[in-house]
Amino acid sequence: MSGVIPHAQPPPDPRHDKPVHPLSLWRWRHNPLYRYTDRLQGWIALALLLLVPVLGLGAMFVAGGAAQHHYRAAAEHRKETLHRTTAVLTHDAPGHPEPGSAEARETRYPATVRFTDPDGRTRTAKTDVLPGLAAGSSVHVWVDKDGAIAEPPMPDAQIRSRTMGWALIAFVTVTLAGAAVYRCTTVVLRRRNLAEWDTEWAETAPRWTTSP
């Protein structure tokens, strides 16, 4: 209808047809439809691609160092507050269905042991031992100040494993944060592009729709 301004239709955006790498924005930077917001999006993408790996590695070292310090301090504290002693099984430990297998070497079964606490008293309690140990076998246990069997200090292998786990979590968190920042930036700039297009179309459309 003459004199009616149609709704603005944004130009086709190749990024909506299929996923496009952020740096591909530079490929069409000379396109007449290329806007300053597209250039800004490209610079943001480049900055994130450069910063995220650096920040991720930095976060890995910081988180890993903090985790290692924490777990080593906790292990040293337990070594200082616990007492390591020798206990004797009072009964045979349960046997594993596959003796000698890798699973059997990693499996532990609860068994009753007899030991002497730091005050010199003879006590009995349950602790986890290797499968198949006969009554009278000796095992090492850690006892707290009250004479109860406690969890042993964390071994070095477990400290390294947890340290690497926290370092990996830190790197993944930074990476996801960078992706979220780029995604939010893309949405904001896209909305701004559409708003500017509506404004420009409102100024241009009357020249196309006015009757001669």
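Counting from 1, the numbers follow the sequence of the chain as shown. This is a predicted model, so every value here is computed, not measured.
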Same cluster (ILVMFWY, side-chain, under 4.5 Å), [X] and [Y]:
X: Ile149; Y: Val139; value: yes
X: Met60; Y: Leu55; value: no
X: Val113; Y: Tyr109; value: no
X: Val52; Y: Leu40; value: yes

Quick one: are [X] and [Y] in side-chain contact, heavy atoms under 4.5 Å?
X: Val174; Y: Phe171; result: no
X: Thr85; Y: Val141; result: yes
X: Thr127; Y: Phe115; result: no
X: Thr186; Y: Gln41; result: yes
X: Arg108; Y: Leu130; result: yes
X: Met154; Y: Arg78; result: no

Between the main-chain N or O of [Y] and the side-chain N or O of [X], is there a donor-acceptor pair closer than 3.5 Å?
X: Asp146; Y: Ala148; answer: no
X: Ser161; Y: Ala157; answer: no
X: Asp119; Y: Arg121; answer: no
X: Thr90; Y: Thr112; answer: yes

Might you point out which heavy atoms bring [X] and [Y] nearest each other, and give the distance in Å?
X: Ala63; Y: Ala170; answer: CB-CB, 3.6 Å
X: Val129; Y: Ala111; answer: CG2-CB, 3.7 Å
X: Pro118; Y: Val143; answer: CD-CG1, 4.0 Å
X: Val88; Y: Ser138; answer: CG2-OG, 4.3 Å
X: Ala75; Y: Ile159; answer: CB-CD1, 4.2 Å

Partner residues of His140 under the side-chain contact (heavy atoms from CB on, under 4.5 Å) criterion, sequence neighbours left out: Arg84, Thr86
Those residues at least two apart in sequence (or on a different chain) that pass side-chain contact (heavy atoms from CB on, under 4.5 Å) with Val187 are Arg183, Arg191
Which distance, rounded to the nearest 0.5 Å, do you find between the [atom1] of [X] and the [atom2] of [Y]?
X: Thr163; Y: Leu168; atom1: OG1; atom2: CG; result: 12.5 Å
X: Arg160; Y: Met164; atom1: CZ; atom2: CE; result: 9.5 Å
X: Asp144; Y: Glu151; atom1: CG; atom2: CD; result: 11.5 Å
X: Leu46; Y: Leu51; atom1: CG; atom2: CG; result: 9.0 Å

Share the residues that join Trp142 in a hydrophobic cluster, the rule being Ile, Leu, Val, Met, Phe, Trp or Tyr side chains under 4.5 Å apart at the heavy-atom level. Leu82
